[in-house]
Each structure stands twice: as C-alpha cells, then as structure tokens.
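Working notes for the structure below.
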2 protein chains.
Amino acid sequence: MKQSIDFTTLQEKVTATIREAIFTQTFKPGERLIQDELAAKLGVSRMPIREALRCLEREGLVEVLPHKGAQVIGISKEDIEELYYLRSFLEGVTVQKSMNFLTSGDREELQHLVEKMDQDIRNNNLDLFVTHNQEFHTLLQKGCNWKKVKMLNKQFIEGYPAHVPSLIPHSMQVSNEEHKAMLEALDQKDPVKLRQLVEHHIMRAGEKLTQLIE
Amino acid sequence: MKQSIDFTTLQEKVTATIREAIFTQTFKPGERLIQDELAAKLGVSRMPIREALRCLEREGLVEVLPHKGAQVIGISKEDIEELYYLRSFLEGVTVQKSMNFLTSGDREELQHLVEKMDQDIRNNNLDLFVTHNQEFHTLLQKGCNWKKVKMLNKQFIEGYPAHVPSLIPHSMQVSNEEHKAMLEALDQKDPVKLRQLVEHHIMRAGEKLTQLIE
DNA sequence: TTTTGATGGATTGTATCCAATCTTAGTTTT
DNA sequence: AAAACTAAGATTGGATACAATCCATCAAAA
C-alpha cells in the first residue's frame with residue numbers, strides 16, 4: 001500500500017516526479033527537458049518546473065545551460081566508480097566524527113534496524129530493506145556536527161537510485177552482516193574501525209555494481 | 001582597473017552581487033533575505049532573486065526553507081576546519097587523477113602562473129595573486145575526468161571567499177613555494193606525491209586560518 | 001495567569017504574460 | 001556546391017499579478 005506523501009510545495013512534488021522519471025529511464029540520458037512540455041504534462045505552470053530543474057541540477061541529475069535549458073545527465077561506469085569512491089570517504093569521515101555522540105538509544109535503534117533488515121531479507125521485501133538501510137546509515141551519521149559533509153551524503157543518496165545496489169544478488173545478506181560488524185565497532189568504541197568498515201561497505205557495493213554493469 | 005563582467009543572465013549577476021554582499025558582511029550570518037527587499041534594492045523582479053537564492057543555497061551560503069525564505073548561513077571555526085579537510089581530500093584526489101593527462105603545454109602554463117604569482121607577491125597585488133592561484137589550482141585539475149568531484153571543488157571555492165587565506169601574513173610566499181614543489185612532483189611523474197603535496201597545501205592553509213581566527 | 005483561537009499584515013509560492021535569446025530552415029551570395 | 005546571412009518558430013529569461021502560507025498580535029476562554 002503506497003501512501004502519497006504530501007509535499008509542502010508544488011516544486012518539491014515536481015522535483016520528486018521528474019527525479020523518479022529519470023531514475024526509471026522515462027527521461028533518458030541526454031534528453032532535453034522542455035519546461036513547457038513538463039508543465040503541460042504535470043498540469044502546473046512553468047515556474048515550479050524551473051525551480052525543480054535547479055534542484056535536480058544540484059543533485060547532479062540534470063545540467064542547466066543559460067538560454068538553452070536542461071538536459072538529463074547520463075551515468076557512465078566511470079561515474080559510478082567516482083560516486084562510490086567519494087561516498088565511501090565522505091560517509092566514512094561522517095561516522096567517525098559521529099560515533100562518540102551517539103546515545104545508547106541510538107545504539108538500540110540501530111540494532112532494531114538491523115533486525116528489521118534481516119526480516120526484510122527473509123520476506124524478500126526490497127523496498128522496505130532499502131528504507132531501513134537508509135535509516136540505518138542516516139542514524140549512524142547523526143552525531144556528526146559537520147554540516148557540509150552530511151549534506152553531501154544526503155545529496156549523493158538522493159541523486160542516485162537507492163534501489164540499484166539491492167538488485168545485486170545476495171548483496172543484502174552481505175550488507176547486513178557488515179552492518180552487524182559496525183555495531184560491534186560501536187560497542188568497542190572504536191571510531192577508526194567503524195570508519196574503515198563503512199568505507200569498505202560502500203566501496204564493496206560500488207565494485208559489485210560496476211562488475212554487474214559490464 | 002576593474003572591468004565589469006557581462007553575465008549572460010540577470011540571475012547570474014544577482015547571484016554574484018548577493019554572494020559578494022555575504023562575503024563582505026553586508027548581509028550578516030543569520031540575517032533573513034527577503035525577496036521583495038532584494039528585488040527593490042537591485043532593481044529587478046523577484047524571479048531572478050529566487051533563482052539566485054537557490055544557487056547560493058547549493059553553494060552553502062544561504063538556507064532556503066519552504067514558505068519561510070532564505071537566511072544567511074553563519075561560518076563557525078568548526079565549519080572552516082570541515083571545509084579545508086574536505087577540500088584537501090577532494091582536490092587531492094582530483095590532481096592525482098588529473099596528472100597523467102596534463103600536456104606539456106599545461107606544464108608550461110603552470111610554470112608561468114607560478115612566476116606570475118612570484119611577481120604578484122613582489123608587487124603586493126593581492127587580487128591578482130588570488131586570481132592566478134585559482135587558475136593554477138584549476139589547471140592542475142584539468143586532466144581529471146571525474147565530474148562530480150571537480151564540481152564540488154568549484155563549489156567550495158565559490159562558496160568561500162578566496163581572498164581570506166591571502167590575508168594571512170607571509171602565506172603567499174609559503175604558498176607559492178609549495179606550488180613549486182608540486183611542479184617538481186609533476187616532472188617526476190609522481191601522482192601520489194602530488195596529491196600529498198596538494199592535501200598538505202590546503203590543510204596548512206586551513207590550520208593557519210583557524211589559528212588566526214582565535 | 002496561561003492557553004487557545006482568530007485576524008490582519010508580511011512574505012513566499014504559482015500562474016500568466018511579454019521580452020530576449022537561441023535554433024533551424026530557407027535563401028542568397030560567392 | 002558550400003558558406004554566410006536572414007527570418008520565423010521555438011524556448012528560455014524576466015516582470016507582474018494573484019493565491020497560499022506563515023507569523024505576530026491581541027482578544028477571549030479556561
């Protein structure tokens with residue numbers, strides 16, 4: 001059952017819609033996004049479209065050129081390598097800085113999420129796994145007071161279909177085992193080890209993904 | 001002599017103006033930026049203002065909340081530490097990947113820029129030094145085919161007053177000596193060493209800056 | 001006294017219209 | 001035939017007008 005999220009602004013709704021369309025290849029890489037067409041298709045004026053395109057530009061999904069308009073950015077194998085390399089570093093830094101500020105409540109919540117993910121695997125529920133996985137990663141970063149890096153992590157996740165990694169066979173099991181290792185590092189109060197685990201976790205996913213693409 | 005740059009779009013002009021005002025503390029951290037006021041002050045409509053605010057949001061200079069508007073982001077000592085830490089890593093990666101694709105022409109151009117900076121120091125010309133320094137760093141990254149990381153580097157430079165580091169006494173001399181060391185690493189065709197030099201170069205500047213602030 | 005609720009002003013969000021710019025196809029010129 | 005110019009159509013940029021939302025103030029009720 002899919003509950004519709006009510007956005008506070010039309011622009012946000014439009015942004016989400018276009019982003020989805022890019023992820024699902026409805027808009028293909030290189031394709032021009034004409035404001036009038038989108039406006040007509042979505043039943044709104046061009047104004048929210050324009051702002052949405054700016055947001056998507058920031059996320060790295062489209063390119064906006066002055067007086068020429070927006071184009072969907074293509075994603076190459078090289079881009080994926082880059083993305084995961086950057087993500088592994090950035091998220092690594094974040095959790096290292098975050099760890100010592102996590103409460104015991106956070107620790108419990110993380111444990112719960114891991115258990116939920118185990119259940120999701122048993123139920124073969126991809127969507128839920130992706131959600132819980134994202135919650136896990138976000139919570140692990142909660143204690144970090146560096147703002148820019150957290151914003152980047154968020155952007156990288158938004159700017160890339162979170163579902164893709166889950167398409168890799170058996171990746172969910174491995175993934176969740178690594179989550180458990182992270183919890184151990186947390187109990188041992190070893191931020192450097194936690195960081196290494198996170199870095200490896202993400203790099204591994206990236207490598208799997210690039211292998212799959214070939 | 002200051003030649004006025006002609007932007008292709010009003011929005012770009014507005015963006016530059018507001019950014020400058022934030023850097024010069026005309027708009028202070030925490031201050032609300034009201035679209036109507038800005039529009040009246042700059043003699044344009046609210047439309048280019050809105051887009052400009054989105055751009056500045058991406059650069060991390062303002063925060064835009066739905067139905068509430070934009071606020072100037074404050075920069076704390078912690079933020080500077082974060083910024084330089086991230087920049088040193090990101091620019092380090094970029095030059096490492098870039099080096100082997102730099103042409104001998106690029107090498108010469110870099111040499112020229114270093115010489116120009118030496119001259120700028122003798123003439124005590126801060127503005128020109130900043131410009132040449134920026135050109136040097138940009139050119140050093142030219143060969144890198146990773147797009148996201150290059151975009152981030154650009155954003156970080158735009159989103160932070162490039163002049164600030166130059167305010168540190170004698171930092172220009174030290175800085176340019178380090179540039180020369182980079183050229184050596186380039187001649188030795190040692191990307192890893194180049195990366196380390198760049199990382200150290202930026203981290204040092206960041207540390208100097210945070211010391212100065214106290 | 002504190003809290004709740006309404007009301008008006010301020011500000012942002014969206015729609016529509018016009019102007020500026022780019023693109024393309026056709027025509028002319030060399 | 002190829003290159004350069006021109007004009008019309010398409011598309012984006014910007015201005016103005018109106019609607020939706022927020023917020024502070026004050027009044028009324030608990």
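To find a chain, count down the sequence lines: A is the first, B the second, and so on, and within it residues start at 1.
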Taking only Lys NZ, Arg NE, NH1 and NH2, and the carboxylate oxygens of Asp or Glu, determine whether [X] and [Y] approach each other closer than 4.0 Å.
| X | Y | value |
| --- | --- | --- |
| A:Arg204 | A:Glu207 | no |
| A:Arg54 | B:Glu51 | yes |
| A:Lys116 | A:Glu135 | no |

**Test ring-ring contact (aromatic ring centres under 6.0 Å, His included) applied to A:Phe89 - qualifying residues, sequence neighbours left out** = B:Phe89

**Message:** Heavy-atom count check: over 12 atoms from other residues, nucleotides or ligands less than 6.0 Å from B:Lys208 NZ?
**Reply:** no

**Fill in**
In the 5' to 3' direction, the nucleotides of DNA chain C bounding the stretch that comes under 4.0 Å of a heavy atom in chain B are C:dT11 to C:dA15

**Message:** Is there a side-chain contact between B:Gln11 and the phosphate of D:dT12, meaning an N or O under 4.0 Å from OP1 or OP2?
**Reply:** no

**Complete:** Residues B:Gly143 and B:Ser98: closest non-hydrogen pair is N-OG, 2.9 Å

**Item:** Contact summary for B:Met203 and B:Tyr85, nearest pair of heavy atoms
**Value:** SD-CA, 3.8 Å

**Request:** Check every strand shown and say whether B:Leu33 touches a base, only sugar-phosphate, or nothing at a heavy-atom separation below 4.0 Å.
**Result:** sugar-phosphate

**Request:** For B:Ile49, report the nucleic acid contact type (base, sugar-phosphate, nothing); a contact means any heavy atom under 4.0 Å.
**Result:** nothing

**Request:** In whole angstrom, give the distance that lies between atom CD of A:Gln35 and atom C1' of D:dG13.
**Result:** 9 Å

**Message:** Tell me the interatomic distance from B:Glu12, atom CD, to D:dT12, atom P, rounded to whole angstroms.
**Reply:** 16 Å

Give me, pair by pair, the N or O atoms of the protein and of nucleotides 15-22 of chain D that are less than 3.5 Å apart, along with how far apart they are.
| from | atom 1 | to | atom 2 | distance (Å) |
| --- | --- | --- | --- | --- |
| D:dA15 | OP2 | B:Ser45 | N | 2.9 |
| D:dA15 | OP2 | B:Ser45 | OG | 2.8 |

**Request:** Indicate, with yes or no, if the rings of A:His132 and A:His112 have centres closer together than 6.0 Å.
**Result:** no

